[in-house]
Amino acid sequence: MNKGSRREISDLIVQHDPLGQARVPVERAAVVAELAELGQVRAARIVSRMPATGGILDEEYVNGVLFRSHAELQRLSEEFLQPQRVLALLRPTVAAYRAHATRTPIRVVDFGCGLGYLIRWLAAKGDLGPDVELIGVDFNDSLVNAASAAAKAESLKCRFVTGDVFALDEPATIVTSVGVLHHFAAQSLESLFRAHETAGVAAFMHYDIAPTWPAPLGAWLFHAARMREPLARQDGVLSAVRAHDDETLTSAARAGTSSYRIGVFGTPFALFPVTRIIRPVVGIRPELVDQLRRGLGRMHRHLNLE
Amino acid sequence: MIAAALVALALADAGLSGFRAAAGRNPLIYKAAYYKGAVLRGMGAGFGALVTIGLVTGAMIFVSSDAPAQYEMFVDGGRRMLGIYIPFATLVAAAFALYMIKSVELRSLLSTGIFGPVTLIRPIVILAGAAAAGTGSGLEVKLGAAVAAAAMLAVEPVVDRHYVNWMARAGRIAHRTRAPG
């Protein structure tokens with residue numbers, strides 16, 4: 001089976017209208033049938049056990065499962081220091097933009113933010129400067145609500161919005177994401193990257209699982225050891241299988257855009273692929289590149305832009 | 001000495017069980033107090049397990065016709081347990097020591113190479129220690145080792161219940177809050 005044809009449960013049990021504005025009812029039997037047809041027997045069994053009323057999945061139950069799964073995902077992000085990885089590239093990117101700033105504030109927007117861990121961590125860290133606005137965007141309003149509640153509980157200076165990252169009232173300066181790109185089919189990536197250019201984004205850095213040879217084994221091991229929710233275990237392992245390779249991502253980004261330098265930000269210890277758990281595909285306006293390289297210091301060797 | 005070493009290892013293991021039960025359930029950023037409470041809660045449950053183990057083994061020694069010999073058999077069983085547990089604990093302690101180095105790559109390597117796998121094999125190690133203690137021993141030591149293993153394996157599920165309820169409350173609060181926009 002083509003790895004891209006397999007579906008994650010979380011992509012199927014929450015669906016929105018074509019404008020992405022409102023949740024629509026999801027028929028449990030349809031999801032179970034789709035997963036079964038794809039040969040994903042275990043995933044089908046997980047969904048078949050979810051409560052439904054009149055055949056429609058219980059939205060409150062689904063919200064609860066997604067909340068718990070994302071909290072477990074946050075734990076993995078904490079363990080693998082993912083915000084620190086993002087900050088290592090984001091901080092010099094913000095500085096590079098600031099040096100050429102044509103508009104302020106600088107809006108850093110996390111796309112598909114889930115519980116907003118990255119944005120809240122950046123707000124708590126407070127490293128990026130007072131001219132930086134931190135915004136998390138997700139289509140899932142229950143996760144956005146939970147992210148807002150968590151930020152409010154700790155008085156963090158950031159906000160969360162339900163909707164489309166490329167249709168915000170206040171346009172994004174830098175767009176980030178963690179673990180989102182593998183949710184897109186390879187053929188959809190080009191239009192996704194094109195949307196950055198259309199929206200006038202200055203730079204993007206989309207972190208996702210690096211499809212190294214040990215990634216599926218590592219994902220299985222970690223989801224077995226750390227995750228409790230069957231959905232989180234199932235989707236987590238599949239995400240490592242579905243992850244796009246560097247060539248697919250950079251080709252799509254180059255095909256979809258013309259005003260960015262595109263590349264991948266690598267990592268030291270390339271011979272130990274387990275350390276390269278996630279890595280970003282990067283796009284940045286050419287006028288910012290020199291400043292970004294200076295800001296990265298010795299790490300600039302790992303930024304392979306074309 | 002043997003008993004003290006086993007008690008120390010049991011409390012350390014219970015503290016880590018508390019941490020694991022709490023991890024992945026609190027989406028906040030600042031969680032030092034939360035995790036400290038979880039470790040203490042785990043150690044509290046571990047203390048309960050140790051009291052249970054102490055009562056069972058103490059009762060068997062008390063009712064034995066030759067209490068000193070029975071005590072020595074438990075000590076020998078404990079020594080064999082340590083033969084399994086000390087290498088495992090040393091590996092975990094060494095990984096924690098290295099984790100203090102603030103390197104993203106090193107920490108990732110430790111997580112994938114050590115912490116994940118040892119979490120998965122912990123129940124097997126506990127049972128292997130109990131099996132080693134019971135090997136070549138009388139029924140009392142076998143029974144004591146089985147009770148010890150069961151009590152330590154029960155610590156995490158017991159603490160887990162608390163955090164399942166904690167998260168259910170947190171989820172309800174989170175979903176009642178409406179985001180702007």
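Proteins come first, then strands; the chains are lettered A, B, ... in the order of their sequence lines, and each starts at number 1.
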To the nearest 0.5 Å, what is the distance between CD (A:Gln82) and OG (B:Ser108)? 8.5 Å

Check each atom of B:Tyr99 against the heavy atoms of chain A and say whether the ones under 4.5 Å are side chain, backbone, both or neither. side chain

Stepwise side-chain contact (heavy atoms from CB on, under 4.5 Å) check, A:Leu221 with B:Leu120: CA-CA 8 Å; A:Leu221 194 150; B:Leu120 279 180; 4.0 Å; yes

Nearest 0.5 Å, please: how far is CZ in A:Arg85 from CD in B:Glu105? 6.0 Å

So for atom CE, which belongs to B:Met1, do other residues, nucleotides or ligands contribute more than 12 heavy atoms lying within a distance under 6.0 Å? no

Any side-chain heavy-atom pair from A:Phe80 and B:Arg107 closer than 4.5 angstrom? no

More than 12 heavy atoms of other residues, nucleotides or ligands under 6.0 Å from CG of A:Asp169: is that the case? no

Toward chain B, the part of A:Phe222 with a non-hydrogen atom under 4.5 Å: side chain

Going through the distances and angles, do B:Lys102 and A:Leu81 end up as a side-chain contact (heavy atoms from CB on, under 4.5 Å)? CA-CA 10 Å; B:Lys102 289 192 172 178; A:Leu81 306 170; over 6 Å; no

So what's closer than 4.5 Å to chain B heavy atoms on A:Arg120: side chain, backbone, both or neither? both

At a heavy-atom separation under 4.5 Å, does A:Leu73 approach chain B through its side chain, its backbone, both, or neither? neither

If the contact rule is any heavy atom under 4.5 Å from chain A, which residues of residues 24-53 of chain B qualify, in numerical order? B:Gly24, B:Arg25, B:Asn26, B:Pro27, B:Leu28, B:Ile29, B:Tyr30, B:Lys31, B:Tyr35

For A:Glu79, which atoms come within 4.5 Å of any heavy atom of chain B: side chain, backbone, both, or neither? both

What distance do B:Met167 atom CE and A:Glu72 atom CD have between them, rounded to the nearest 0.5 Å? 7.0 Å

Can you say whether A:Ala150 sits under 4.5 Å from chain B via the side chain, the backbone, both, or neither, judging by heavy atoms? both

Given the options A:Gln84, A:Glu78, A:Met227, which has more heavy-atom pairs under 4.5 Å with chain B than any of the others? A:Glu78

